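Each ligand, and each atom within it, is numbered from 1 in the order the structure gives. As the structure is a prediction and not an experimental result, all values here were calculated from the model. Note: hydrogens, waters and symmetry copies are ignored here, and every other heavy atom, side chains too, is used.
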Amino acid sequence: VSRAPHCTFDRVVGETVDDEDLQRWLSNYQVVAKEWHDAALAELGDVEAWRDAVAAVRRHTVAHLDRYLTQFADNVEANGGHVFFAATAEEARDHVAGIARRKGVRHIVKAKSMVTSEIGLNPALEALGAEVTETDLGEFIVQLSGEAPYHIIGPALHKRLPQIREILSEAGGVELPEDAEALAAYARAALREKFLNADMGISGVNLGVASTGTIVLVTNEGNGRMSTTLPRTHVAVMGMERLVPDWRSLDPVLTMLTRAGTGERMTTYVSAITGPKRMGDADGPEELHVVIVDNGRSRILGTKYEPVLSCIRCGCCADFCPVYRTMGGYAYESVYTGPIGAVLAPLLDGLEGREHLPFASTLCGACQAECPAGVPLADLLLELRADVTQRPTSSAAWRLGFKGFAAASKHRRLWDYALRFAGPLSPLVVRRGRLPVEPPILRAWTDSRDLPSPAPRSFRRLWARQARAAAPAPSDPTTPPGSDEREG
Ligand code: SF4
């Protein structure tokens, strides 16, 4: 594995680890998130049965995606909406930019959407001269500070109150107090102006209901409804896998999405949008466009990685991940952070330059155990690691090292002999926890850690010796056979 792609990752991780205040903040966040999450799920009773139900719905939908996509698109059009299938991020951006150009759009408000960040939509619209305003409070804060989202459902999770005060004060040109309610009130008033002036609203799609062509949005701030009903044109951008077959199957998915994501029984607003404004409707957009984005997803279909498409973007895998807590959201260099990002980013963007991400995990399995959609994250991370080591671009020394390790660990006798000699020999080559001459393949380890010497006698050898000492004398007929010392 070449060293270059790790450099940004190493730097960002180093900065996050050195920031004691941020480390405390992320740690406290995970404690609180776990309390909310556990309490909300406990009310459901048999949580595993709910998880199984969600996993079954999502697996079924992904396995029959062609059928449900066709049904969903037909129903959106029957309801008066327009559908566009975008094979790539570029096609999706161009299509939305084309609508904005045709409509002469100047002001755009956006509800929270991961897929629009994935395809880089904002810069494409700003290049047209349009003003784009993120209206989810967290997204609004990171947009003002020129940063990317830090967490799937908490974009400004890393910002503490003094920093938010500074960002909003600077944007508003006023000295705001360090008070959460006052800051929220300021943002609310600033955003209200944007909603009233907007000529286009853009949203994501939490879930699409194929049987009726309905878009379901899950929000807590009401900004989703403002963005989708006040402007004359609504554009909904959806990852192609974000469907459920019908309303019955929506039920368990919605139930688990909100409880796993925010620890709530239900978010404040659950909006179901079926087509644009109809005759007699008091509000709603005159036009509804649904852009369905592939951007690498169909490459995953039918492969060993297909289960990742069951993800419902609740973000809870990051809340339980000790690696996310330590290295933070920006180390993933992707809109998708946490364990889902470590899997999805290399799959969508390619392994090149992201081959370190599958290794950014302890494989403790906490993410997999908590995932409400049954995504086998730890298994997928292992598959990706295997793919990384098989790539022809990984260094010969790397591949040779792993081949040697695999051979030794598969043959008991070889392993025993390696350990028998490693202990007594290691003091000859390891000095103060370091090798005097470090092979490049070990440098990433020894740069920041000691290389401990193997103990002169292994635990298993000592254990065997102790067992032998405690055993009855050989003349005793009760002596068990085969109690000879085995190295281990
Ligand atoms: S992988 Fe599971 S836990 Fe992580 S965001 Fe997706 S659904 Fe949530």
Q: Examine Arg67 relative to Phe72 and say whether NZ or CZ is less than 6.0 Å from the centre of the six-membered ring and inside a 45° cone about the ring axis.
A: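 No, cation not above the ring by the 6.0 Å, 45° rule.
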Q: Scan side-chain atoms only and decide if Thr116 and Lys110 contain a donor-acceptor pair under the 3.5 Å cut-off.
A: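 Lys110 and Thr116 do have a side-chain donor-acceptor pair below 3.5 Å.
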Q: To check your reading of the model: name the closest protein heavy atom to atom 7 (S) of ligand 1, its residue, and the distance in Å.
A: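 The closest one turns out to be Ile312 N, 3.4 Å.
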Q: Which residue, Leu217, Ile215, Val216, forms the side-chain contact (heavy atoms from CB on, under 4.5 Å) with Ser271?
A: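 Single pass found, and it is Leu217.
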Q: Decide whether Thr219 and Glu221 meet the rule of one side-chain donor and one side-chain acceptor closer than 3.5 Å.
A: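 No.
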Q: According to side chain to side chain donor-acceptor pair (under 3.5 Å), does anything in residues 78-100 pair up with another residue at least two apart or in another chain? List the pairs.
A: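 Not a single pair qualifies under side chain to side chain donor-acceptor pair (under 3.5 Å).
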Q: Using distance alone, with no hydrogens and no angle criterion, decide if Thr262 and Trp36 have a side-chain donor and acceptor under 3.5 Å apart.
A: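 Result is no, nothing qualifies.
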Q: Listing residue and atom name, which protein N/O/S atoms are closer to atom 4 (Fe) of ligand 1 than 2.8 Å?
A: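 Metal shell, protein only: Cys317 SG.
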